[in-house]
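Residue numbering restarts at 1 for every chain, and letters A, B, ... go by the order of the sequence lines. These figures come from a predicted structure and were not determined experimentally.
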Number of protein chains: 4
Amino acid sequence: MTDSIGVREAGAKRTRKALLAAAAAEFVVQGVQAPIRDIAGRADVGVGTVYRHFPTRAELVTAVYRHQVDECAALAATLLQEPIAPSEALTRWIDAFIEFLVTKHGLGVALLSEDPSLLSLHTLMLDTLVPACASLIEAAAAAGELDPRVTAYTLMRAVGNLCIIGPEYDLASGKEMVGRLLAGCRRTT
Amino acid sequence: MTDSIGVREAGAKRTRKALLAAAAAEFVVQGVQAPIRDIAGRADVGVGTVYRHFPTRAELVTAVYRHQVDECAALAATLLQEPIAPSEALTRWIDAFIEFLVTKHGLGVALLSEDPSLLSLHTLMLDTLVPACASLIEAAAAAGELDPRVTAYTLMRAVGNLCIIGPEYDLASGKEMVGRLLAGCRRTT
Amino acid sequence: MTDSIGVREAGAKRTRKALLAAAAAEFVVQGVQAPIRDIAGRADVGVGTVYRHFPTRAELVTAVYRHQVDECAALAATLLQEPIAPSEALTRWIDAFIEFLVTKHGLGVALLSEDPSLLSLHTLMLDTLVPACASLIEAAAAAGELDPRVTAYTLMRAVGNLCIIGPEYDLASGKEMVGRLLAGCRRTT
Amino acid sequence: MTDSIGVREAGAKRTRKALLAAAAAEFVVQGVQAPIRDIAGRADVGVGTVYRHFPTRAELVTAVYRHQVDECAALAATLLQEPIAPSEALTRWIDAFIEFLVTKHGLGVALLSEDPSLLSLHTLMLDTLVPACASLIEAAAAAGELDPRVTAYTLMRAVGNLCIIGPEYDLASGKEMVGRLLAGCRRTT
DNA sequence: TATGAATGAGGGTTCATTCAT
DNA sequence: GATGAATGAACCCTCATTCAT
């Protein structure tokens, strides 16, 4: 009994994993608005299965990105422990944040969509990442290395926007612009 | 006969004007993906008329913004004539560029859409605005006021991205970030 | 110009007629909840056409029955003019009302559905038929031929309910029961 | 072995009871077309269990109402024993019948659905209740208190229909109409 | 030219039903 | 017996696009 339940639950978990992978892949190709049918098809399951695991698109999107969001947030604490200048810590964290953004093609666009179904994604990032970023900013500002008027949300949003790439504006361009933006945030002595 | 054709042409021109106005208005409300029918309705014409004048959505979008794009481009030459520092000229031009962007709700998003139907909008901006911006950059770089490695397209794209506003990231935030970005583009002596 | 518009409008009117006929027929077979596709199919048009003419199911249902509802309502005034006893007029009107109900298989059921999309059908009948029935009731009551406590809506609803037929309870049974109900509404001297 | 089977059977019986209770409750809220999953959920069992006990919806519906149907049928014999007029016995039985109908929200509608899955419910009522009602009618007719042409099924169906309530037609209205219907069934001397 | 009716592909969502464990 | 994950048919609705008048 326990076994058979375990087996089924394991199967469900595998399905869930497959769905997350399929959704992530489809998001890369089509963006977070990818048709549910396509996601189901890529995972080789019926549409009903998608709805069973993720009743709303928001829950699916959120689930897809939650793991990486958490990892990114955790990095902030780690960096603060390291024997490096606070502004250097911020720079490195922003690098990781960018990595997260760009590996998720279309996430940038999704973040600025006003579609209510994606609000929770916004909330997820706000609740998790903003405090992480804020801690780094505070440290850098306290060290006199950053203009203390810079706020975490605004900076993250700006970085996120700058990393929305396209034809003739690739990741390298985005990173260059982010670098210049950060330079402009440094304390003007 | 000639007369009646002339009359008809005049009518067609008026229809075209009305369509552009209607589309511009609808783009403000719904973004550039506004349903064709809504645009036709606002202009009080049939959908067929929209298609006759602008066979593709791209042509309509392009036409809507062309006039303002041209104006913005012309401003660069004017600014270069004025007795101000080249970097100041660039700053002012960027201000005007932002003004253009933000008065067109949704244009920012449109610019980064990969929808092929909007590619021509991209091209329009490239062909017209990039040279304008480049002339200002060149002047500022020549005056030693700007890092000469900054390219027009990348800068414009970055500015455009930074001005994609949303909840908790308003125009003021966008402008602030643009200011810091420009600061980061200044020549580092 | 006028002609061609006239032609198109005529075509649209014909389509509308065909849709009403198709819907009426489909309602007979499947009830008012018949899939829109089936109605479109029976009328040999695309689903979009159904939605163009009747944006909501309620509008379609209402339109299907409006003509007959109006006719039925008009009958009341006619009957009141005739040289017959008021209670006889009421009886005849109820007969006509029943005729209307039973020729529309499924209407009875629809009337008691709580589906909000059918509310307007309810309203239509209330607004149009209730006053008609009330005028007859009033006359009969004034003539001392009917219990004045009987109200139009309640009576109509009761008649409507009694005419919901099924296996082993045919129209004849329904009419018999209506007859007995009316007998029970007569003034008890 | 015998024991464990007995235990399992007892468990199955309990499950069945829980299912009937859950279904009855759900029918009150959503009508007899309530989703199977909702019923399973309320009974805290899996959907498969519902299907094991009641392979078709009809069987479930029938089982839910059988007990009360039986009770109602038994009442007829009781009433006939009492020292009251036969027509009074009929009236009281009809009252009980109404009570049964109205406490089951949606049963009225279900009875007139032509959904084949509900046919058996129909049969149940026919086989059990009709003879009960018929015995009362016969007695009343024999006593000269009722038109002998009234048949049990037709009367029950009519009463059932009159008790399908809705907005602006409440239970009181239904009962009033039933009263008038019964009045119209009295022997006309 | 202008019109707008008609089309139908496309994407969302629900739920009855099956079946492996 | 019980479970509940998976399936997919069936509906709903929107809108870009065509074309006869």
Which part of the nucleic acid, if any, lies within reach of [X] when heavy atoms closer than 4.0 Å are counted: base, sugar-phosphate only, or nothing?
X	value
C/D38	nothing
D/V47	base
C/R57	sugar-phosphate

* **Phosphate contact (F/dA2 OP1 or OP2) by D/T15 side-chain N/O below 4.0 Å** => yes
* **Phosphate OP1/OP2 of E/dT1: any B/H53 side-chain N/O under 4.0 Å** => no
* Asked: Should F/dT21 form a Watson-Crick or G-U wobble pair with both distances under 3.5 Å, which nucleotide is its partner?
  -> E/dA2
* Structure fact -> As its Watson-Crick or G-U partner within any shown strand, both distances under 3.5 Å, E/dA9 has F/dT14
* Interatomic distance, A/L60 atom CG to A/Y65 atom OH [nearest 0.5 angstrom] -> 9.5 Å
Give the minimum heavy-atom separation between [X] and [Y], together with the two atoms involved.
X	Y	answer
A/A22	A/A43	CB-CB, 3.6 Å
D/F54	D/R16	CE2-NH1, 3.6 Å
D/A63	D/L20	CB-CD2, 3.6 Å

Which whole-number value in Å describes the distance from [X] [atom1] to [N] [atom2]?
X	N	atom1	atom2	result
C/K17	E/dA6	NZ	C1'	19 Å
A/Q33	E/dG10	CD	C1'	14 Å
B/L60	F/dA16	CG	P	12 Å
D/K13	F/dG1	NZ	C1'	15 Å
C/E59	F/dC13	CD	C1'	14 Å
B/I36	F/dC15	CD1	P	12 Å
D/I39	E/dC15	CD1	P	12 Å
B/D44	E/dT3	CG	P	9 Å

* To do: By nearest nucleotide on DNA chain F, pick out whichever of A/R16 and C/P55 is the more 5' one.
  => A/R16
* Of A/V45 and C/Q30, the one whose closest DNA chain F nucleotide lies more 5' -> A/V45
* **Nearest-nucleotide pick for D/R52, side chain only, options being F/dG1, E/dC15, E/dA2** => F/dG1
* Asked: A/T49 side chain: which of F/dG1, F/dA6, F/dT3 is closest?
  -> F/dA6
* Which residue lies more 5' along DNA chain E, comparing C/V50 with D/G48 via nearest heavy atoms -> C/V50
* Between D/Y51 and B/R37, who's closer to the 5' end of DNA chain E by nearest nucleotide? -> B/R37
* Asked: Between the base of F/dT21 and the side chain of C/R8, is there any donor-acceptor pair under 3.5 Å?
  -> no
